[in-house]
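Note that ligands are numbered from 1 as they come in the structure, with each ligand's atoms numbered from 1 the same way.
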Amino acid sequence: MTTTREPGQTLAEFDEHLDELHLRGQWQYDAQLVQLTDGPLPAGVPFLWQRGLAERALEEMCTVRANDTARRNFTFINPGPGVDGTTPTLAMGMQITLPGEIASAHRHSINALRFVVDGSANLYTSVDGERLAMEDSDLIITPAYTWHDHHNESDKRGIWIDILDVPVMGYLRQIFFEPYGSSTQPLRETRADFISSRSSSVRPAWERRDSTRIPFRYAWRDVRAALRDFAGCEGSPFDGVILHYAHPISGGSTLPTIDCFAQLLRPGLQTQRHRHTSSVVYYVVEGEGTTLVGDHRLDWSAGDSFVIPNWMWHQHINHSPSTEAVLFSATDAPLLAALGMYREEPHDSFGTGPYPAVPADVVRGHVTT
Ligand code: 1HN
């Protein structure tokens, strides 16, 4: 075997030589290996997009002619290097529709959800033949391959947050896209048709159940009421009273790649610091507060959006002595968990608290949890 390395050739020159051969020396991975003693490098930076900035951009977008897919949507792009979205896996953005508009029907392998900012009973998304109303703070899921078209039949602008797993699907080269062929998909007509298509405790036994691809709306009035029910609980030391949007059939993650949460930070609460391998995007629903991420300080109030990159220490503070703060968030934790990569430090803040004892157990003194 001969070597092409000349005496006196620097390592950088040798790297260049290998590069010309479309090869790379193992030592070039050192920056991702031995220099990291504290776990993965966070991708991107903590960042906040203020409500006013987003509102102006939405307003400006109304003058732009809608594109092929007829959506007026922008993505919050992480200003840190090397992130092609809000995080490497999630694209969070906002969409506006004018009265009378339809965002035409299509479907894709991308999982998506909509959290409503300015809604109405006559703003809705049709998902696989079902009309889902988009009232303020409702959450609508459009799982992969569900047909979806947005309709604004109200007399005011409709605005919502879109969160999609498009960066990871793009990176994996897994994007399939199909236009429906006309702007509007037909809605289901009979009650039986409707029941068989969605979550229900009684179902047609002769049909195979599709447990992932179902249309679903989490109405905010139910979620806000649940936050109120739990408001007196201690909740998570890291997140306060945080509720999971469980998948309506499996009880598992909201979407295969994304989990959603609504969290209430009671007045005066300062959570404990923790970090996890998942990244999180937030929309502030009520109140104001501060999230400390690494040595960044994100001061937020209602209508702002912000991002916490993977593996960065963070904590939330509600400074107000009297007003609750409510955050909506989405994370890529289910995607990481499916790969065995979800880690948290300190570990296990989710699902490890004791299940509340039933009264009979308490009476008999049999509580073991
Ligand atoms: C999409 O299909 C929608 O359906 C919104 O409303 C935003 C961003 C990237 C790719 C597809 C929608 C999107 C998107």
State whether R275 and D38 are salt-bridged, where the test is any N-O pair (Lys NZ or Arg NE/NH1/NH2 against Asp/Glu carboxylate O) under 4.0 Å.
-> yes
Please check if the distance between the ring centroids of Y180 and H106 is under 6.0 Å.
-> no
Side chains of T271 and H316, donor plus acceptor under 3.5 Å | no
Could you pull out, from H108, R72, M169, Q95, the option with a heavy atom nearest to atom 5 (C) of ligand 1?
-> Q95
Enumerate the atoms of ligand 1 whose separation from the nearest heavy atom of N73 is less than 4.0 angstrom.
-> 7 (C)
Going by the 4.0 angstrom heavy-atom rule, the piece of T75 near ligand 1 is neither
Could you list the atoms of ligand 1 found under 4.0 angstrom from a heavy atom of H106?
-> 2 (O), 4 (O)
Any idea which atoms of ligand 1 are less than 4.0 Å away from a heavy-atom of H150?
-> 4 (O), 6 (O), 12 (C)
Aromatic ring proximity F328/F115, centre distance under 6.0 Å = yes
Does a side chain donor of either S104 or S183 reach within less than 3.5 Å of an acceptor in the other side chain?
-> no
